[in-house]
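As structure tokens, the structure follows; a few thoughts come after it.
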Amino acid sequence: MGRAEERRARQRGGRRAAPPTRSSGTPSEGIAPGGRAAARKAAARGKKGAKSGKSGIRRLFTWKKILGTFLGFCLLGIGAFIVMYMMIDVPKGNAKAQEQSNIYKYSDGSVMAREGDTNREIVDLSEVPKPVQRTFVAAENKTFYTDSGVDLRGTARGLLNTLSGKGKQGGSTITQQYVKNYYLDQDQTVTRKLKELVISLKVDRTTSKDKILAGYINTSYYGRGAYGIQAAAQDYYRVDAKKLSVEQGAYLAALLQAPSQYDWAVASKTGKELVTARWNYVLDNMVKQGWLDKTKRAEMTFPKPKEPKAAPGLEGQKGYFIKLAKQQLEKQLMAKENITQDEAEARVENSGWTFTLNIDKKKQAQLEKAVKSQLTKQLDPKKRKVDRNVQAGAASVDPKTGKIVALYGGTDYTKHFYNNANRTDYQPASTFKPVILAAALENASETQSGKAIGANTTYDGTSKRQVVDSNGNKVGFAPENEDDHNYGKQVTVQTAMNQSINSVFAQMGVDVGMDKVLATATKLGMDTGKLRPLPAYTLGTMGASPIQMAGVYATLDNHGKQVTPSIIKTAEQGGTEFQMPDPIGEQVISPKTADTVTSVLTGVVADGTAKISVAENPARDGRKVAGKTGTSDDNKSAWFTGYTPDLVTSVGLFGEDDKTKAQAKMYGVGGKPRVNGGGFPAEIWAEYTFGVAGKNTKFDLDTDQGAAVQPTWTPTPSETPSETPSETPSETPSETPSETPSETPSETPSETPSQSPPTGEQSTPVQTSTSPPNPLDPNGNP
């Protein structure tokens, strides 16, 4: 083969090898005949193989195959939907069939109450004014009159959120919501959502828009136990649906988005702002749709609804028990099933639940008797107007089980809707001081001179003493002691607790670190929300309820194992018991810390602000008692939270204006210059506790500090104050009221998001928390 032919062979990629020639090499040169051609062939095959590898991937993921796969899935989805559409029929309406009374029992199994027939009255759409009908369309589904009954994007978004565990997602049409309310249930499952989609399409094809709208407004839940627009019109405005104004209709339409959060009577400040914005949104949409004149819209004002009406059979304390039980069950449903508060409420209302409560008949009767004899009989509203402005709340807890065995929510649920035992809008005042001591002991904190903080550690008890930080700098906070008394520069922590000396605990809080104090408060069961670690909170200027404070002190009584008070013993539905969490939790502070605080608190009773009402009470009969009094700024609240080894009870008195429901001062109540924690609250506590608590029990304390284990050393102060205020020589020794600090906290007590009891003048501004404020009440409802 000539050179030209050889070149042509190479150009052809070596597909045809040239015959061996001299130029191809000889065996003596180490190259076999035809070796070069063979090498060229091998190289060519390698390149071809590499190229084939790359092209193989391209062949696997060509745009044609990707498009084909996508279309295949689409066809499968369409086919599945067609099969579903053919298989799923429109069921019979089951909403009424599922409505059953809830039954409530005492701890001994005897029936307390039945929460009966659903509060619903079906009305024809013709009885609802056309403008009011349109408020619901403007609020929920502007395209209602023209769409096919479903929102595919909203449904897809809801399915994705359900699959990813994100819970409820809005976007459903009025038709879909009606189908969910009337034909299905509130479960957040993929199956239910797919059924909702199919049934909605079928219902929209076979049912007029007016009938769908009528079904929607008659089956929706509006809060307050009201189902349907007629019940809602009566509950919120005391009128029939046919007499609703456009403004009122817009509020009810806005309410459907979050009934519990948007109920004006119990909404937090944030809730009121949100529902007002929603109300404006509804009316503005009506203007855009041409359903409302722009000029008339501009003249409209927000129609505040009426106060709630209590259902028959809930008189006395029963209504408070039932409301609290439902709130606690709803909280657990929200946590376990990832549903909203309103969905949980709909799951509980009239759904055939049987509640057995922890309320003990004997203890409950004794608590009501104590409030009546020690408070109610001492008041004379005709003689003193201020006597009308007093509300009492109390919660009694077994520290070993966490059971709420007795509860006092107010004079009567049908007359005072708010549960005073669960309200968090008043300051716990000096009953917070034991938390500061617990934080100091738990964190092995030291004074600025390097001494470990304990019962016998000394502090400066001078009134209005400037609190200083670890560098000796003033922090701008100098609280006054009661009546501006100076207790001297060498006051023990025990004496400071006994006499409730503000200046001592203000400095102690800074020594410990307010971040650690608030962390300890949270561990013990208080809702500290988003409180900033400010020294002002050493005076107990956050919000708390008697149930919360009973939980805090029960945790101390239980040697540091957390106690979360529970009113529910069991909750059953359809023969299946819903598993409630154990009220007794983990060890949140050490037993020694808890026992030392208990030991110190025995001194408050033996030789402090509760001495006359509790320690010297004839009915005490040798019982061991620990506790703390508290009086808030401007005498708006007064407390005594105390315990024996087997029973913890927190009693609070709250100044609430009889007409406006704003916070009010209690000076002069019962003819006394000032209401102190050592007065009415301690007296109620003593009559109740000494009537039901065990007699021969003793605190089993693992501590070598405090009044319970050693004599209390009281240094001689530079100025010896009288035990009682000078203006009330015959008065029960009073504790130090916490006053508004010179540095006002930028936020205040956290309160329940979904509800805020009536607000008014506060010694500190109220802080809004995004998380359920109360461990027992994620909505904040009292």
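Position 1 is the first residue of the sequence; numbering continues from there.
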Task: Passing option when I453 is tested against V512, I436, N443 for side chain to side chain contact (heavy atoms under 4.5 Å, CB included) - done: V512
Task: Least distance between heavy atoms, V371 atom then A392 atom - done: CG1-CB, 4.4 Å
Task: Lys/Arg-Asp/Glu bridge criterion (N-O < 4.0 Å) met for K362, D360 - done: no
- [ ] May I ask you to test the L524-V435 pair for a side-chain heavy-atom distance under 4.5 Å?
- [x] yes
Task: Separation between CD of Q507 and CD1 of I501, rounded to the nearest 0.5 Å - done: 14.0 Å
Open item on the list: Keeping S463 on the side-chain end and N481 on the backbone end, is there a donor-acceptor pair under 3.5 Å?
Closed with: yes
Open item on the list: Let's go through T492 and T458 carefully: what are the C-alpha distance in whole Å and the side-chain angles of both, what is the deciding distance for side-chain hydrogen bond (donor to acceptor under 3.5 Å, both in side chains) to 0.1 Å, and is it a yes or a no?
Closed with: CA-CA 4 Å; T492 65; T458 58; over 6 Å; no
Task: Check: T541 and P428 side chains under 4.5 Å, non-hydrogen atoms - done: no
Task: Check: H485 main-chain N/O paired with D483 side-chain donor or acceptor under 3.5 Å - done: no
Open item on the list: Tell me if a side-chain donor or acceptor on S599 pairs with a main-chain N or O of Q705 at a distance below 3.5 Å.
Closed with: yes
Open item on the list: Within the 4.5 Å heavy-atom criterion, are D511 and Y459 side-chain neighbours or not?
Closed with: yes
Task: Pairwise side-chain contact, F578 with K336, heavy-atom cut-off 4.5 Å (strictly under) - done: yes
- [ ] Just do the ring-ring contact (aromatic ring centres under 6.0 Å, His included) check on W639 and F432 with the steps written out, would you?
- [x] CA-CA 11 Å; W639 299 72; F432 185 71; over 10 Å; no
Open item on the list: Looking at K698, I'd like to know if its NZ atom is crowded, meaning that more than 12 non-hydrogen atoms belonging to other residues, nucleotides or ligands lie closer than 6.0 Å.
Closed with: no
Task: side-chain contact (heavy atoms from CB on, under 4.5 Å) assessment of V468 paired with N473 - done: CA-CA 5 Å; V468 296; N473 299 318; over 6 Å; no
Open item on the list: Nearest 0.5 angstrom please: Y487 OH to Q499 CD, how far?
Closed with: 5.0 Å
Task: Pair Y426-S632, side-chain contact (heavy atoms from CB on, under 4.5 Å): steps then yes or no - done: CA-CA 8 Å; Y426 284 84; S632 71; 5.8 Å; no
Open item on the list: Please determine whether side-chain hydrogen bond (donor to acceptor under 3.5 Å, both in side chains) holds for the pair S430 and K433, giving the CA-CA distance in whole Å, both sets of side-chain angles, and the decisive distance to 0.1 Å.
Closed with: CA-CA 5 Å; S430 292; K433 286 183 170 75; 2.7 Å; yes
Open item on the list: Can you see whether K361 engages S107 through a side-chain donor-acceptor pair at a distance of less than 3.5 angstrom?
Closed with: no
- [ ] Only counting residues at least two apart or in another chain, list the ones meeting side chain to side chain contact (heavy atoms under 4.5 Å, CB included) with S590.
- [x] E442, K592, T593
TODO: Could you tell me the separation between the CD1 atom of I322 and the CE atom of M112, rounded to the nearest 0.5 Å?
DONE: 7.0 Å
- [ ] Please answer whether the main-chain N or O of A370 pairs with a side-chain N or O of E683 as donor and acceptor at a distance below 3.5 Å.
- [x] no
Task: T689 (side chain) donor-acceptor with A693 (main chain) under 3.5 angstrom - done: no
TODO: Applying side chain to side chain contact (heavy atoms under 4.5 Å, CB included), name anything that partners A626, two or more places apart in sequence or on another chain.
DONE: T598, L601, T602, Y643, F699
Open item on the list: For D582, I'd like to know if atom CG has over 12 heavy atoms of other residues, nucleotides or ligands within 6.0 Å.
Closed with: yes
Task: N498 side chain vs V604 backbone, donor-acceptor pair below 3.5 Å - done: yes
Task: V510 vs F505 side-chain heavy atoms within contact, under 4.5 Å - done: no
Task: Inter-residue atom distance M580.CE - S566.OG, 0.5 Å rounding - done: 5.0 Å
Open item on the list: How close do M497 and L437 get, counting heavy atoms only, and between which atoms?
Closed with: CE-CD2, 3.9 Å
TODO: Verify the distance criterion only: is there a donor paired with an acceptor across the side chains of Q328 and Q332 at less than 3.5 Å?
DONE: no
Task: Side-chain heavy atoms of V517 within contact of T538, under 4.5 Å - done: no
Open item on the list: Show, in sequence, the C-alpha distance, side-chain angles and deciding distance for S445 and K516, and conclude whether the side-chain hydrogen bond (donor to acceptor under 3.5 Å, both in side chains) test is met.
Closed with: CA-CA 10 Å; S445 301; K516 294 178 180 177; 5.5 Å; no
Open item on the list: Could you work out, with side chain to side chain contact (heavy atoms under 4.5 Å, CB included) as the rule, every residue matching Q562, not counting sequence neighbours?
Closed with: T555, T564, V588
- [ ] Using atom types as modelled and distance alone, determine if a side-chain donor or acceptor of D595 lies under 3.5 Å from a backbone N or O of T703.
- [x] no
Open item on the list: D460: which residues meet the side chain to side chain contact (heavy atoms under 4.5 Å, CB included) condition with it, sequence neighbours left out?
Closed with: T462, R465, K489
Task: Nearest-0.5 Å distance, CD of residue Q391 to CG of residue N420 - done: 4.5 Å
TODO: Please name all residues satisfying salt bridge (charged side-chain N to carboxylate O under 4.0 Å, His left out) with K695, sequence neighbours left out, ordered by chain then number.
DONE: D621
- [ ] State, to 0.1 Å, how close P681 and G677 come at their nearest heavy-atom pair, and which atoms those are.
- [x] CB-O, 3.6 Å
Task: Donor-acceptor pair, side chain of D398 and main chain of G402, under 3.5 angstrom - done: no
TODO: For residues 541-564, pull every pair meeting salt bridge (charged side-chain N to carboxylate O under 4.0 Å, His left out), keeping only residues two or more places apart or in separate chains.
DONE: none
Task: Step-by-step salt bridge (Lys or Arg N to Asp or Glu O under 4.0 Å) determination, R674 to E482 - done: CA-CA 12 Å; R674 172 171 52 199; E482 183 184 3; 2.8 Å; yes
Open item on the list: Working to the nearest 0.5 angstrom, can you tell me the gap between T495 OG1 and D607 CG?
Closed with: 8.0 Å
Open item on the list: I'd like to check V405 versus V397 (side-chain heavy atoms, cut-off strictly below 4.5 Å). Are they in contact?
Closed with: no
Task: Intermediate values then yes/no, side-chain hydrogen bond (donor to acceptor under 3.5 Å, both in side chains), E687 and S373 - done: CA-CA 9 Å; E687 179 170 336; S373 63; 2.8 Å; yes
Task: Minimum heavy-atom distance E480-N502, with the two atoms named - done: O-ND2, 3.0 Å
Task: Side-chain touch F321/I404, heavy atoms, less than 4.5 angstrom - done: no
TODO: Test side-chain contact (heavy atoms from CB on, under 4.5 Å) on Y537 and M514 and set out the steps.
DONE: CA-CA 8 Å; Y537 290 121; M514 285 306 297; 3.9 Å; yes
Open item on the list: Quick one: does any side-chain atom of Y553 pair with a main-chain N or O of T431 as donor and acceptor, under 3.5 Å?
Closed with: yes
TODO: For the pair D469 (side chain) and G472 (backbone), establish whether a donor and an acceptor sit closer than 3.5 Å, ignoring hydrogens and angles.
DONE: yes
Task: NZ or CZ of K326 within 45° of Y104 ring axis and under 6.0 Å - done: no
- [ ] Mind listing the closest non-hydrogen atom pair of K624 and R620 along with its distance?
- [x] CA-NH2, 4.3 Å
Task: Where L375 and F680 come nearest, the two heavy atoms and their spacing - done: CD1-CG, 4.0 Å
